[in-house]
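What follows is a short report on a single structure.
Position 1 is the first residue of the sequence, and the numbers go up from there.
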Amino acid sequence: MNILLWVLQILLALHTAIGAVWKFSNPEQTVPSLKAIPHGVWLAMSVVELFCSLGLILPAFNKSSGILAPVAAACIAAEMLLFCGLHIYSGDANNNPMIYWLVVAAICAFIAYGRLVLKPL
């Protein structure tokens, strides 16, 4: 279980870091349902994502920072659920982005649960 959690954490950290870099180079208007997010908040979210990416992998190097992984996963899941809420609110009929965000949120929830309950660091 520990190996599975580490693989998921590393993949989620890479996914989140790439998403953060993408946010710096693309405006929020790229995804129509996210137009409600102000540009400053959009950029701030990318900084938070970079910190979450670090929080997911830092416990591999420092065991005392083990709480960072579930906290980072929970923050990423909250962001994905925020995107889902904005998507529903926008009334966009294309649900493909929302399915993607829900899958990422589920993976985050599994990591947080795994690190807090199943196999703590």
State plainly whether one hydrophobic cluster holds both [X] and [Y], where clusters connect Ile, Leu, Val, Met, Phe, Trp and Tyr through side-chain heavy atoms under 4.5 angstrom apart.
X	Y	value
Leu116	Leu4	yes
Phe61	Leu56	no
Leu8	Ile3	no
Leu5	Ile67	yes
Met1	Ile111	yes

Okay, side chain of [X], backbone of [Y]: is any donor-acceptor separation there less than 3.5 Å?
X	Y	answer
His15	Ile10	no
Glu49	Ala17	no
Ser65	Asn62	yes

- Item | Steps toward side chain to side chain contact (heavy atoms under 4.5 Å, CB included) verdict (Leu86, Trp101) | CA-CA 11 Å; Leu86 288 172; Trp101 295 322; over 6 Å; no
What I'd like to find out is whether the side chain of [X] reaches to under 4.5 Å of the side chain of [Y], using heavy atoms alone.
X	Y	answer
His87	Leu34	no
Leu68	Leu54	no
Val48	Glu79	no
Phe110	Arg115	no
Asn96	Tyr100	no
Thr16	Leu50	no
Leu102	Met80	no
Ile76	Ile107	no

For residues [X] and [Y], report the shortest heavy-atom separation together with the two atoms involved.
X	Y	result
Cys108	Ala73	CB-O, 3.2 Å
Cys52	Ala72	O-CB, 3.4 Å
Asp92	Asn95	O-OD1, 4.0 Å
Trp6	Ala60	CH2-N, 3.2 Å

Rounded to the nearest 0.5 Å, how far does [atom2] of [Y] lie from [atom1] of [X]?
X	Y	atom1	atom2	answer
Leu81	Met98	CG	CE	10.5 Å
Leu43	Phe24	CG	CZ	6.5 Å
Leu12	Gln9	CG	CD	8.5 Å

- Task: For the residue pair Trp22 and Trp42, categorise the inter-ring angle as parallel (less than 30°), tilted (30 to 60°) or perpendicular (more than 60°).
- Result: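 Plane angle over 60°, so perpendicular.
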